[in-house]
Amino acid sequence: MNNRLMFSILTLCCLLQACGGFKLTDIPKSTAALELTESQKQAIQPKLQLINDIVEDYNFEKKQLETDYQVLRSGIRQRQFDRYSEGYFDPGRRRELTAFREEAQKFMRQRELFLREIEKLVEEIAAALTATQQDKLAELKMPELVIPMMLRPDDYNDFRYIPNHPLGGTNFF
């Protein structure tokens, strides 16, 4: 009896995990999970493909921004010590930093546009589905447009200037 109970619990856990395991952008699996009719497939699959394209574009732009950030950081760390710049920013490096900030701001504005577009497409998809299919749509994993680490707010910023704190202070190193 104990083995049967354990087996049924494991089976139930596997089923529950498998139900919500599909991503919306995985078109064949998501259409199978939603159990779409042929007319629904013709209306919904292009929208799913468009969402997939948006996510791919975002990920490409994110990798490009991360690469540009690494290039900028490597240039900042290689300071030129001469008697005019005193080892700090020269006008060229300031222009690079300003250009990167503008690029990052454009990236974040584009991210907001992508999020709105995905939201509209998901609403259009949900409008074309039945009530049970809408419940299944809610179980699917929605695409995430993750903000790159360098553009996120610093979680430890409040601890940076506390004296004798392990994360910051005057004698950190």
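Quick note: numbers below take in every heavy atom, side chains included, and nothing from hydrogens, waters or symmetry partners. Since we're looking at a predicted model, the values are computed, not measured.
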Kindly list each side-chain donor-acceptor pair under 3.5 angstrom involving residues 97-118, sequence neighbours excluded, with atom names and distances?
unit_1	atom_1	unit_2	atom_2	d
Thr98	OG1	Arg94	O	2.9
Arg111	NE	Leu145	O	2.9
Arg111	NH2	Leu145	O	2.9

Enumerate the ring pair (Phe, Tyr, Trp, His ring centres under 6.0 Å) contacts for residues 125-144, please, sequence neighbours excluded, ordered by first and then second residue.
none
So, for [X] and [Y], which heavy atoms are closest and what is the spacing to 0.1 Å?
X	Y	answer
Pro148	Glu66	CB-OE2, 3.8 Å
Met142	Leu137	CE-O, 3.5 Å
Gln133	Leu36	NE2-CA, 3.9 Å

Lys136 and Glu139: salt bridge (charged side-chain N to carboxylate O under 4.0 Å, His left out), yes or no, with the steps?
CA-CA 5 Å; Lys136 292 178 183 178; Glu139 292 175 2; over 6 Å; no
Would you say Ile54 and Ile147 are hydrophobically clustered, going by side-chain heavy atoms of ILVMFWY under 4.5 Å?
yes
Count I, L, V, M, F, W, Y as connected when their side-chain heavy atoms are under 4.5 Å apart, and connections chain through other members. Are Ile51 and Val146 then in the same cluster?
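No, Ile51 and Val146 fall in different hydrophobic clusters.
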Would the number of heavy atoms belonging to other residues, nucleotides or ligands and lying under 6.0 Å from CD of Glu124 be above 12?
yes
Please lay out, stage by stage, how Gln40 and Gln45 fare under the test side chain to side chain donor-acceptor pair (under 3.5 Å).
CA-CA 8 Å; Gln40 286 177 331; Gln45 281 185 345; over 6 Å; no
Does Leu151 reach the side chain of Leu65, with side-chain heavy atoms less than 4.5 Å apart?
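Leu151 vs Leu65: side chains touch.
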